[in-house]
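Below: the structure, in structure tokens.
For reference, positions follow the sequence shown, starting with 1.
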Amino acid sequence: MTEQETMAQILTPTADPAWVLSVDGYDPLRESSIESRFAISNGFLGIRGARAASRGARWVVPARTYVAGLFDVSGTEHQTPGLVPAADWLRVRFLAAGEPLLLHPGDVSSHRMTLDLRRGALLSQGSRIKAPDLGLRAQTLRLVSLSDRAIGLQLIQMEVDSGAVDVTIEASFEGMELGLIHDRLDQDVGVWHTTQTGKHLAMASEPALQIDGRVHPPSARGKLTWSWSWKCRPGQVVCFQRFVAVVRSDIPDTDPGLEARDKLQSALHLGWSGVFAAHESAWAKRWHDSGVEVDGDAVAQRALRFAIYHLNSAANPSDESVSIGARALTGDDYHGHVFWDTEVFLLPFYVLTWPAAARALLMYRFHTLPAARAKAAGMGWRGALYAWESADTGAEMTPLEVLAPDRQVIRILCGSQEQHISADVAYAVWQYWHATGDDGFLLEAGAEILLETGRFWSSRAKLEADGCCHIRGVIGPDEYHETIDDNAYTNVMARWNIRRALDVAAALRERWPACWTTLSGRLRLDEAELKQWRNVADTLVTGLDPATGLFEQFAGYFDLEDIDLTKYAGRTVPMDVVLGRERTQQSQVVKQADVVALLGLLPEQFKGKAAAANFRYYEPRCSHGSSLSPAMHGLVAARLGDSEMALRFLRKTADIDLADTQVATDGGIHIAALGGIWMLTVLGFAGLSLRDDGIDIDPHLPGDWHSLTFRVQWRGRCLKLRDDQDKQIVGSVLEAGEPMVFSVRSKPHELRQGTGLQVSTARL
């Protein structure tokens, strides 16, 4: 295959429409949300899907490039560190006879932008650039490599339709001081530093131009600027390529420029076709390990592909110093901060399809353990209380106040009261260890997190005159109700956390006594304190009414005003705006899954018919004021056998980003909601759960789904699972690893590598 044929193949999107997301023309009202949906990322570099072509000076907006972990404080009014955008390295300017060629909104009816989900690339086709004496057709591609995360690639191919004039192409970096201060700018590399956090960033670049297959040297070049001039003619094919290599350094007074140059040289040695091939191969591996196939529902298949694309784009198993923010690297909402979303809604996907990424995300929590200890101590407690919002250091980043739409100042209490995050982190640690059997992680980091979070809850809960321990003055997942006592989600998760901490202490003493001696000595943890932990766990109030099986969401919740939410169907604003904050706080209206989230995470806490009873009670009272809520409700509905309700929740979740139903995608996609789509499908519809000896499947597929196929990993094994609803058969293949137990609706079967297993669900 010739180089030109390879270029043509690369610039052509995947043919299967189920693997692409396309937008035609130009809609100024939707452009920002389109940039979020069409973002490309590799967990280190993220680039919003801005248009490749200029629309004239008043339309030019730099294509935001985000670098994971590049946090700094901007300005003097807001002292909250946020992600700082790097320079836009994609800027290209065209001139004909000395005049810039501009595209205006009315000229782009034939323009199509395509996100190729299968290959992790953003392409444009059909762009026509017209001037009085020149006509061009252009195709573009951009990617950030999943094979070498420091590398970005830009390709532009132009064919001259008409005209024979002098043409100039200028390539440059724009926005080089959007929050960063440059240390030096050379012809091929720039080095910047943050103003307060002591981080450094280097970007090295080398563009090239070919005309009809021959290299055309630049006519001028400066500091990260290049230009080429020639006289074009009809039929001419012009190919522009540009590499960028980006390196972040967290060590003060360092210059990462040399490393960036080395990365750039490696990419240049491979060439654009080699870089693309390695990137495409890395994406093929990710899709092999994490893809989900739905037969019978094209809408759900599209939602899953979109979700899994962004989930695979968001993680970087090579960097333990960063985690995934609420909008990943697709936008700057929430300043790039990390919430409980990562552990509860994202870790299940990574644990079961990409354990190395899950481990790195949990190591971020280990490295920020000192900040969690400091927060707990500062509030008068022991152990580790993780920040509700965290950046690179793990210190609390939640703002104390915000300005409401009515210009009223609202105090934000989440940073001090939404403490369930420590139990959420512990939950993710335990689930990772349980699923992977990674004892090295447990000994290096996991045990200490479990012990220090268990210690926090044992310090936080107080024994009162009724002989029970209480946790007062908190916020649960339902953020409409503040400063509440004995939130069921918080208390049950805290009790679970304490008991897992005791379990890991026992495991260390039995299996790794030397490690236990060292760790317990360093933490000054003795048997008397462990006994106190047991007493707290045994006496902690949970809000469970044994007569009804209902968990009261918090003390006094059942006495609040019960509002029929069906009367507010079709509203376009959150319920706390409709009712007002005061009435909402005095009502049973729930912002998002709270007791239902407990059902999703710890279903074993709900005995007999209690699960259905709690879901029936709380589901009608939830207003879904958070993007996290519908998927968690769908997960629980699917497990309870109401697959049609679960499917409605899946579609509602998918529409948040794909349909932009909340008009809230401008600041980035909702990565936790996308993680929830995968959870709803694999843990809900397929009913996958972890056992001590293997994996169990209890499928409840929607009626129109003929089959569901996916892969998971468990303790070094790779399984391919298929639920064929039409034939009422669950099939499984152990593709790698030692024999294991595979259960279907709690009935165990031995699974061996290379021997497929088919189990009829009709008789179960």
Side-chain angles (χ1 to χ4, degrees), residues 10-14 19-23 31-53 61-68 70 83 85-92 112-125 139-156 203 205 241-246 267 272 275-287 290 305-316 322 324-325 327-332 336 357 657-658 665-671 674:
I10 288 176
L11 290 173
T12 302
T14 298
W19 280 102
V20 297
L21 191 68
S22 297
V23 60
E31 210 58 13
S32 188
S33 63
I34 288 170
E35 289 184 10
S36 298
R37 286 198 294 276
F38 284 69
I40 54 175
S41 178
N42 59 19
F44 174 63
L45 294 175
I47 302 173
R48 284 172 62 80
R51 300 283 176 171
V61 177
R64 286 272 171 138
T65 297
Y66 297 104
V67 179
L70 190 66
L83 278 178
D88 173 15
W89 56 277
L90 295 163
R91 192 57 52 200
V92 177
R112 164 167 288 196
M113 189 163 65
T114 300
L115 179 64
D116 192 325
L117 304 174
R118 185 178 67 83
R119 303 188 301 167
L122 182 63
L123 305 98
S124 70
Q125 308 88 36
Q139 293 177 278
T140 72
L141 174 143
R142 73 179 72 154
L143 62 83
V144 285
S145 174
L146 200 66
S147 176
D148 185 342
R149 288 179 170 80
I151 300 300
L153 172 64
Q154 177 187 31
L155 298 175
I156 302 176
M203 301 180 75
S205 185
Q241 67 177 63
R242 171 161 43 183
F243 288 108
V244 68
V246 183
W272 57 263
V275 166
F276 185 88
H279 168 77
E280 188 176 34
S281 177
W283 266 106
K285 168 64 174 171
R286 290 305 317 134
W287 282 114
S290 63
R305 290 255 170 85
F306 180 77
I308 295 168
Y309 162 78
H310 278 293
L311 290 166
N312 281 323
S313 298
N316 179 6
V322 301
I324 300 173
R327 301 301 178 93
L329 293 175
T330 69
D332 53 13
D657 284 327
L658 282 173
T665 312
D666 289 9
I669 53 93
H670 299 73
I671 191 67
L674 299 181

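- Cation-pi geometry between R305 and W19 is satisfied (NZ or CZ under 6.0 Å from the ring centre, within 45° of the ring normal).
- Contact record, F306 with L117: N-CD1, 4.1 Å, taken as the closest heavy-atom pair.
- T114 places no side-chain N or O within donor-acceptor distance of the main-chain N or O of L123, the cut-off being under 3.5 Å.
- Interatomic distance, CZ of R142 versus CH2 of W89, reported as 8.0 Å (0.5 Å rounding).
- A donor-acceptor distance shorter than 3.5 angstrom exists from the side chain of H279 to the backbone of L146, with no hydrogens or angles considered.
- Of all the heavy atoms in L329 and Y66, the pair that sits closest is O-CD1, 3.7 Å.
- Atom CD1 of I308 sits about 11.5 Å away from atom OG of S313, to the nearest 0.5 Å.
- Looking at Q154, its side chain never comes within 3.5 Å of a backbone N or O of R242 through a donor-acceptor pair.
- Listed for the R119 side chain is a donor-acceptor partner under 3.5 Å among the backbone atoms of I10.
- Between the side chain of R48 and the main chain of S32, a donor-acceptor pair closer than 3.5 Å is present.
- Proximity of L90 to I47: side-chain heavy atoms (C-beta onward) are separated by under 4.5 Å at one or more points.
- Remark: side-chain polar atoms of S36 are paired, donor with acceptor, to backbone N or O of G668 under 3.5 angstrom.
- The shortest non-hydrogen separation linking L143 to F276 is CD2-CD1, 3.4 Å.
- Here the OG1-CD1 distance, from T330 to I669, works out to 4.0 Å after rounding to the nearest 0.5 Å.
- What you find for A68 and V322 is that their closest heavy atoms are C-CG1, 4.0 Å.
- Separation of atoms CZ (R286) and OH (Y309) is listed at 14.0 Å; rounding is to 0.5 Å.
- The side-chain heavy atoms of R37 and V23, taken from C-beta on, include no pair separated by under 4.5 Å.
- Side-chain atoms of N316 never come within 3.5 Å of backbone atoms of F44 as a donor-acceptor pair (strictly under, hydrogens ignored).
- With S145 contributing its side chain and I151 its backbone, the two residues share no donor-acceptor pair below 3.5 Å.
- Of the inter-residue distances, the one linking E35 atom CD with T665 atom OG1 reads 12.5 Å to the nearest 0.5 angstrom.
- In this structure, the side chain of H310 does not engage the main chain of S41 through any donor-acceptor pair within 3.5 Å.
- Between the side chain of R327 and the backbone N or O of H670, no donor-acceptor pair lies under 3.5 Å.
- For the side-chain contact (heavy atoms from CB on, under 4.5 Å) with D116, the qualifying choice from T12, T14, L21 is T14, the only one to do so.
- To the nearest 0.5 Å, atoms CH2 (W283) and CG (N312) are separated by 5.0 Å.
- The minimum heavy-atom distance between L311 and L674, with the atom names listed, is CD1-O, 3.9 Å.
- Counting all heavy atoms, side chain and backbone alike, A121 lies closest to I40 at C-CG2, 4.3 Å.
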- Message: Evaluate D332 against L83 for side chain to side chain contact (heavy atoms under 4.5 Å, CB included), listing each step before the verdict.
- Response: CA-CA 7 Å; D332 53 13; L83 278 178; 5.6 Å; no

